[in-house]
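Heads up: the structure comes next, in structure tokens.
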Amino acid sequence: MTFQAPKGTFDWLPPRSERVLAVREALVAPVRRAGYGYIETPTFEDTALFVRGVGESTDVVSKEMYTFTDKGGRSITLRPEGTAPVVRAVLQHGLHNGQLPVKLWYSGSQFRYERAQKGRYRHFSQVGAEALGAEDPALDAELILLAADGFAALGLTGVRLLLNTLGCKECRPAYRAALQEFLRALDLDEPTRARIEINPLRVLDDKRPEVQAQLAGAPLVVDHLCEACKAYHEEVRALLAAAGLAYTDDPRLVRGLDYYTRTTFEFVHDGLGSQSAVGGGGRYDGLSEMIGGPALPSVGWALGVDRTILAMEAEGLLEEDGAHQRVQVYGVPLGEEARRRMFQLVAELRRAGLAADMAFGGKGVKGAMKGADRSGARYALILGGRDIEAQAVQLKDLTTAEQTEVPLAEVVDILKGKFS
Ligand code: AMP
């Protein structure tokens, strides 16, 4: 019997898997340069952290969590998102008692039991950045700019920024009431009617055409903002404009997690079909208090690594650039004694900083040379019994097929020179 990866998951294999590492690195390079420190939290947390932090009425919590009881009888959930765990860790370790804002970034797997389709997986990879403990429009603008810089560094030109504000605890209640009044008068199914009472903003996010058609005249949060929220949002917009970052005001952007307040944003790419969001985030001033901490106004984002790679594919940025170079040098030993000597030589080459591999599995010279070609190496080192006697090795340039004999004692230095 053979196994398949579970539905909604997939494997990254070489050489494409190298892209995942490179994309993660490129997306977080801007935040690292901006003084964000790396945080790694467990892959699973107490279920209650997400129920309270992300919100019971969200799809993520109500339908998509991988929750199980561990052998100690605790309810555990594989993390569906990274923000609640980061806030939990900050509170647990008292990081918020030091210099504010606390600036952190993370990278890791997220788990959501979603309807699997292209760009929407049950196991996916995000990088994220969070700035905790400061209410400052410049911080919102900084994070947005850093995400945009990450996408740009990858060569992406089709990423668009959608921007909105969701108000705060002063102005949101009146807006919520106005929205509820509007929604109650619509023709909606029972689960949606229930949602109106628990979290009416989420109804605006309903993607079904029959629902969207009825939402045309819905009250918008921008028309209900208090003076403070208005000024805050204007400052974020002005800072982005001054930085030369284009954005579209999207007064209907609400996003799927409950904790967002004020600034909300999404990065979308039009080459991805229905799963167009490559990243998103916003301000979550109430999250810390929702999970038992002090007031800790914060802002953050998460970028989808898998979807970013799909976006790069859509823009033709991942065309195969010729044969993949796995190593620089490939050893072809002929015979037992040569195999032992080559084993040492390859180890020396690696210690000298060169990427080197050799033929394994007792292959004949033909099979070993094929291995050399497939490895993408520039040079093959061919070593036979007679070479060992002469303390020499044949150095073959695989691009020109030119072969020269070099002293075994000098080959590491010679190769180092060729690659320097
Ligand atoms: P969210 O945590 O829902 O705000 O998502 C942030 C980003 O993660 C999105 O913009 C996507 O790029 C990515 N993402 C979210 N859910 C999935 C999923 N099921 N599969 C792949 N990527 C996802």
Side-chain angles (χ1 to χ4, degrees), residues 5-12 20 23-24 26-28 31 41 45 49-50 53-55 57-66 77-87 105-130 143-144 146-148 150-151 154 156 158-164 166 201-202 205 207 250 253-261 263-284 287 298-314:
K7 189 174 160 78
T9 73
F10 60 91
D11 305 301
W12 283 106
V20 195
V23 166
R24 276 195 198 114
L27 289 176
V28 298
V31 290
T41 63
E45 297 272 354
L49 172 67
F50 299 113
V54 177
S57 73
T58 61
D59 281 355
V60 168
V61 169
S62 64
K63 299 185 198 154
E64 299 171 1
M65 293 210 300
Y66 280 90
T77 293
L78 299 184
R79 65 173 174 225
E81 59 98 50
T83 302
V86 167
V87 178
W105 70 272
Y106 63 85
S107 168
S109 297
Q110 310 294 343
F111 306 85
R112 294 181 195 172
Y113 191 80
E114 302 225 51
R115 247 181 340 103
Q117 62 183 92
K118 184 169 184 201
R120 188 157 74 185
Y121 311 111
R122 293 179 176 175
H123 168 255
F124 59 97
S125 173
Q126 286 182 339
V127 296
E130 318 282 353
L143 272 165
I144 292 172
L146 293 171
F151 290 126
L154 290 168
L156 284 165
V159 176
R160 293 188 296 119
L161 169 61
L162 307 179
L163 186 66
N164 193 20
L166 294 178
L201 264 77
R202 295 276 295 114
D205 205 24
K207 300 284 188 290
D250 181 352
L253 180 71
V254 291
R255 302 185 36 75
L257 315 176
D258 264 5
Y259 48 60
Y260 287 111
T261 52
T263 313
T264 20
F265 52 90
E266 205 152 79
F267 290 94
V268 294
H269 193 281
D270 297 324
L272 296 184
S274 60
Q275 304 303 312
S276 63
V278 288
R283 185 155 271 285
Y284 49 93
L287 176 55
S298 307
V299 56
W301 48 242
L303 313 181
V305 174
D306 315 87
R307 279 193 209 163
T308 299
I309 291 171
L310 291 177
M312 291 174 73
E313 255 160 17

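One-based numbering along the sequence shown. Ligands are counted one by one from 1 in listed order, and the atoms in each one are counted from 1 as well. All values derive from a computational prediction rather than experimental measurement.
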Side chain of Arg24, backbone of Val305: donor and acceptor closer than 3.5 Å? no
Would one find an N or O of Val278, backbone or side chain, under 3.5 Å from an N or O of ligand 1? yes
What atoms of ligand 1 come within less than 4.0 Å of a heavy atom belonging to Gly304? 7 (C), 8 (O), 12 (O), 13 (C)
When you measure from the side chain of Arg112 to the backbone of Pro80, do you find a donor-acceptor pair of N or O atoms at a distance under 3.5 Å? yes
Are any of the heavy atoms in Asp306 under 4.0 Å away from ligand 1? no
Tell me which one of Ala277, Gly300, Ser125 gets a heavy atom nearest to atom 9 (C) of ligand 1. Ala277
Look up atom CG in Leu163 and atom CG in Asp250, then write down how far apart they are to the nearest 0.5 Å. 9.0 Å
Identify, by atom number and element, the atoms of ligand 1 in contact range of Ala302, meaning under 4.0 Å from any of its heavy atoms. 6 (C), 7 (C)
If we number the atoms of ligand 1 from 1 as shown, the ones under 4.0 Å from a heavy atom of Gly279 are 10 (O), 12 (O)
Sub-3.5 Å N/O-N/O distance, Arg112 and ligand 1: yes
Quick one: does Gly119 get a heavy atom under 4.0 Å from ligand 1? yes
Part of Tyr121 with heavy atoms under 4.0 Å of ligand 1, whether side chain, backbone, both or neither: both
Between Ser62 (side chain) and Thr58 (backbone), is there a donor-acceptor pair under 3.5 Å? yes
Between the side chain of Lys207 and the main-chain N/O of Asp205, is any donor-acceptor distance below 3.5 Å? yes
Ligand 1 versus Gln126: contacting region, heavy-atom distance under 4.0 Å: side chain
If the contact criterion is a heavy-atom separation under 4.0 Å, does Glu81 count as touching ligand 1? no
Are the side chain of Trp105 and the backbone of Val31 linked by a donor-acceptor contact shorter than 3.5 Å? no
Between Ser109 and His123, is a side chain to side chain donor-acceptor pair (under 3.5 Å) present by the stated rule, with each step listed? CA-CA 7 Å; Ser109 297; His123 168 255; 2.8 Å; yes
Quick check: does any side chain N or O of Asn164 sit under 3.5 Å from a backbone N or O of Leu253, one acting as donor and the other as acceptor? yes
